[in-house]
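Here's the structure we're looking at; comments come further down.
Everything numeric here is computed off the predicted structure, so don't read it as measured data.
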Amino acid sequence: SVIRFAEITEPTIVPLLLIDGPSDPIARDVSITGDGRYALVRSEGASVVRLVSLTDATVTSMDVGVTITDVDLSPTGNFALLVLRETATALRIRLPGGFSAPAMIVGTTFTGETIGSVTITPDGRRALFYTTATPVERMIVVDLDAAAAEPPRIVRLRKGIRAVGVAPDGATAVLVHTRIDGDPSD
């Protein structure tokens, strides 16, 4: 639902904005651009991502051909990163133009790596690619600044990743690791 609080003057029921059909029980990952103009919607186990205009309720869909396992929006909302675990690929899609112009989509494949999740740093300069589905002991740091792009850097870890949090300045990250059976001092 899109709620405009200034327009609500009495108790009301806000109408739903249908994304892909009524009463669809599939889990959704919904991200809203900082300016509130668009929502990006990924459904669990699907290869389709939807761009929803929150100003006029239009929905534009794009099928990337393989399951999308994660989506993250840049802090400015001008692009999104989609992760395709099956092919170890990340798609960078300009918003909203990439939904109508395929030339605005750039794919990067991380050959020999396992990725399934992405976190863009709050400053929008880097993206961290990793997986939480299997105990892979590394993550990939990618420079998103095209002018000063450095090659992706693999960071070796001692355990698999359960969650990632990035500091507001984008300079450091906290990784929560998966628990491994046995004595932690080993």
Side-chain angles (χ1 to χ4, degrees), residues 1-87 89-108 115-130 132 142-147 149 163-170 173:
S1 298
V2 177
I3 301 172
R4 292 179 176 82
F5 291 103
E7 296 173 7
I8 298 174
T9 59
E10 59 188 49
T12 186
I13 296 175
V14 180
L16 293 174
L17 178 64
L18 293 180
I19 297 170
D20 57 1
S23 68
D24 187 356
I26 297 172
R28 289 187 183 83
D29 178 1
V30 179
S31 302
I32 310 279
T33 58
D35 61 8
R37 292 178 51 205
Y38 297 99
L40 199 61
V41 181
R42 171 189 75 89
S43 295
E44 187 71 33
S47 61
V48 175
V49 64
R50 291 175 173 79
L51 183 69
V52 181
S53 169
L54 299 178
T55 56
D56 65 11
T58 58
V59 179
T60 308
S61 298
M62 178 189 333
D63 191 336
V64 298
V66 296
T67 300
I68 301 165
T69 56
D70 196 17
V71 173
D72 202 7
L73 282 173
S74 70
T76 60
N78 63 345
F79 72 90
L81 292 175
L82 279 61
V83 179
L84 316 176
R85 176 181 290 125
E86 186 178 318
T87 59
T89 301
L91 299 178
R92 182 176 177 154
I93 301 175
R94 301 280 311 160
L95 296 178
F99 277 77
S100 58
M104 297 180 130
I105 301 172
V106 176
T108 303
I115 60 170
S117 299
V118 63
T119 300
I120 298 174
T121 59
D123 61 7
R125 293 182 49 213
R126 292 178 197 85
L128 309 177
F129 291 93
Y130 53 96
T132 59
V142 175
D143 187 350
L144 298 175
D145 183 4
V164 173
V166 181
D169 65 1

Pairwise distance CG(Asp143) to CZ(Arg126) - rounded to 0.5 angstrom: 6.5 Å

Atom pair CZ (Phe79) and OG1 (Thr76), whose distance is rounded to the nearest 0.5 Å: 6.5 Å

Rounded distance (nearest 0.5 Å) linking atom CZ of Arg37 with atom CG of Leu51: 9.5 Å

Leu40 side chain reached by Val49 side chain, heavy atoms, under 4.5 Å: yes

Enumerate donor-acceptor pairs with a distance under 3.5 Å from any side-chain N or O in residues 94-108 to protein atoms, sequence neighbours excluded.
residue	atom	partner	partner atom	Å
Ser100	OG	Gly97	O	3.2

Spacing of Asp29 atom CG and Ile68 atom CD1 [to the nearest 0.5 Å]: 10.0 Å

Distance, nearest 0.5 Å, that separates OG1 of Thr69 from CD1 of Ile115: 7.0 Å

Residues 80-87, side-chain donor-acceptor partners within the protein, below 3.5 Å, at least two apart:
residue	atom	partner	partner atom	Å
Thr87	OG1	Thr89	OG1	3.0

Shortest non-hydrogen contact from Ala39 toward Val30: CB-CG1, 4.3 Å

Nearest atoms (heavy-atom pairs only) where Pro122 meets Pro75: O-CG, 3.0 Å

Asp72 to Ile120 - nearest heavy-atom pair and separation: OD2-N, 2.6 Å

Between CG on residue Leu144 and CZ on residue Arg92, distance to nearest 0.5 Å: 5.5 Å

Main-chain N/O of Gly124 paired to Ser74 side chain as donor or acceptor, under 3.5 Å: no

Nearest atoms (heavy-atom pairs only) where Asp63 meets Gly65: OD1-N, 2.8 Å

Least distance between heavy atoms, Ser117 atom then Asp70 atom: CA-OD2, 3.3 Å

Partner residues of Phe129 under the ring-ring contact (aromatic ring centres under 6.0 Å, His included) criterion, sequence neighbours left out: Phe110

